[in-house]
Amino acid sequence: MPSARCTNVVSRNCVRLPPPRAEQQQTLTGPVRDASPWRPGGARRLASMAEETRLAMVRRARKINRALADVYPYAHCELDYVNAWQLLVATVLSAQTTDLRVNQTTPALFAKYPRPADLAGAETADVEELIRPTGFFRAKTRSITGLASAIVADHDGMVPRTLADMVKLPGVGRKTAFVVMGNACACDECRAGAGDHGANVRTPFGRPGITVDTHFQRLVRRWRWTEETDPDKIEAAVGALFPKSDWTDLSHHVIWHGRRICHARKPACGACPVAPLCPAYGEGETDPEKAKKLLKYEKGGFPGQRLKPPQAYLDAGGKPAPPLGAG
């Protein structure tokens with residue numbers, strides 16, 4: 001079978017990439033599996049990125065995911081929660097704000113309204129005041145009280161188990177649904193807001209998904225996994241590159257990398273563990289020492305976003321976030 005050749009037009013089987021930069025070099029942020037340009041064959045692999053077949057792109061994408069798994073073995077959902085109900089509400093509140101701000105806000109909210117029925121019957125002004133720090137608090141109040149009411153009225157007071165039912169709730173789209181279904185326990189107690197299994201999933205939802213947030217969108221386009229801009233199309237395009245069993249962890253790996261190293265405005269290219277596999281290398285700071293100063297959270301020695309992070313994160317040197325008002 002003749003090999004596909006690239007022209008100036010991008011076809012489905014061949015993706016046109018810019019030529020690699022010669023200054024790409026090793027970083028200390030984490031290991032890169034068999035892809036570094038100073039290793040045997042590394043330079044040839046970088047050169048081959050200029051003309052990349054579909055199969056080569058799939059292999060490169062999976063190498064990136066494996067490398068990020070080595071760098072972030074403790075990657076997890078960065079919202080604090082103890083059950084599916086809490087994670088659903090926290091994810092809705094996380095729109096247009098940071099997970100840190102949500103984590104600093106939800107303890108008081110869940111202390112006053114621990115279950116869907118409690119929030120469904122809450123006074124609007126009271127809820128608005130509690131979630132004011134997350135921004136857009138009036139719209140978010142309508143969303144979380146609305147979804148609470150729908151859960152009580154239509155789902156016996158429990159977070160629905162299916163994607164089709166979950167995305168019908170006010171303020172809940174596919175991204176929010178996949179966060180819940182990929183990370184929370186689906187037992188009746190946790191879906192009703194009474195359980196406390198957290199990430200100790202005893203009963204899975206059984207529906208893996210890809211969480212396409214702003215970080216995910218930015219990175220997959222930088223890596224040329226897709227040129228799509230619509231979240232649903234990005235989800236489909238990237239999902240085709242990986243087994244379904246990888247989708248939840250892949251989402252964590254990409255989002256964590258976007259928050260810590262591959263920033264929107266100043267990506268730390270010189271401290272990036274997947275630089276040799278990245279066609280966008282050079283968009284940010286390439287000097288290793290300067291790039292290290294751009295790292296965030298545990299990679300830069302700073303507190304993370306969760307007030308109560310998993311033990312694995314703490315064991316790796318991560319620090320819990322401060323409560324609201326503490327800095």
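What's counted below: heavy atoms across the whole structure, side chains too, no hydrogens, waters or symmetry copies. Just so it is clear, the model here is predicted, and its values are computed rather than measured.
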Linked, directly or transitively: [X] and [Y] (ILVMFWY side chains, under 4.5 Å):
{"X": "M158", "Y": "V82", "answer": "no"}
{"X": "V180", "Y": "I210", "answer": "no"}
{"X": "L250", "Y": "F178", "answer": "no"}
{"X": "F242", "Y": "V71", "answer": "yes"}
{"X": "V212", "Y": "V167", "answer": "no"}

Specify the closest pair of heavy atoms between [X] and [Y], including all atoms of both residues, with the distance to one decimal.
{"X": "N200", "Y": "C185", "value": "O-CB, 4.3 Å"}
{"X": "M166", "Y": "A177", "value": "SD-CA, 3.7 Å"}
{"X": "G258", "Y": "L219", "value": "N-CD2, 3.6 Å"}
{"X": "A271", "Y": "I261", "value": "O-CD1, 3.9 Å"}
{"X": "L93", "Y": "K140", "value": "O-NZ, 2.7 Å"}
{"X": "A108", "Y": "L130", "value": "CB-CD2, 4.0 Å"}

In terms of heavy-atom contacts, does [atom1] of [X] have more than 12 from other residues, nucleotides or ligands at under 6.0 Å?
{"X": "R132", "atom1": "CZ", "result": "yes"}
{"X": "Q96", "atom1": "CD", "result": "no"}
{"X": "D126", "atom1": "CG", "result": "yes"}

Exercise for review: Report the distance from atom CG of N103 to atom CG of L307, rounding to the nearest 0.5 Å.
Suggested key: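 Separation between the atoms: 6.0 Å.
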
Practice item. Quick one: pull up CG in L68 and SG in C272 and give me the separation to the nearest 0.5 Å. Key: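 Reported value, rounded in 0.5 Å steps: 7.5 Å.
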
- prompt: Is it true that a side-chain atom of D165 and a backbone atom of T162 form a donor plus acceptor pair closer than 3.5 Å?
  reply: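 It does not hold such a pair.
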
### Query
Taking only residues two or more places apart in sequence or in another chain, which ones pass ring pair (Phe, Tyr, Trp, His ring centres under 6.0 Å) with F110?
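Ring pair (Phe, Tyr, Trp, His ring centres under 6.0 Å) check on F110 returns nothing, list empty.
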
From R101, R306, R259, residue fulfilling salt bridge (Lys or Arg N to Asp or Glu O under 4.0 Å) relative to E78: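 The residue from R101, R306, R259 that satisfies salt bridge (Lys or Arg N to Asp or Glu O under 4.0 Å) with E78 turns out to be R259.
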
### Query
Is there a side-chain contact (heavy atoms from CB on, under 4.5 Å) between H155 and R161 once you walk through the steps?
CA-CA 9 Å; H155 302 284; R161 290 200 60 161; over 6 Å; no

Report task. Test L169 against V92 for side-chain contact (heavy atoms from CB on, under 4.5 Å), laying out the working first. Result -> CA-CA 11 Å; L169 299 173; V92 172; over 6 Å; no

- Can we call the ring centroids of F216 and W225 under 6.0 Å apart?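 Centroid distance F216-W225: not below 6.0 Å, so no.
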
### Check: L163 and M181 side chains under 4.5 Å, non-hydrogen atoms
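In short, these two side chains touch, coming nearer than 4.5 Å.
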
Legend entry - Stepwise side chain to side chain donor-acceptor pair (under 3.5 Å) test for Y72 and H257: CA-CA 8 Å; Y72 309 108; H257 193 58; 3.0 Å; yes

message = Do the side chains of K175 and E235 get close enough for a salt bridge, i.e. N-O under 4.0 angstrom?
response =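 No salt bridge links K175 with E235.
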
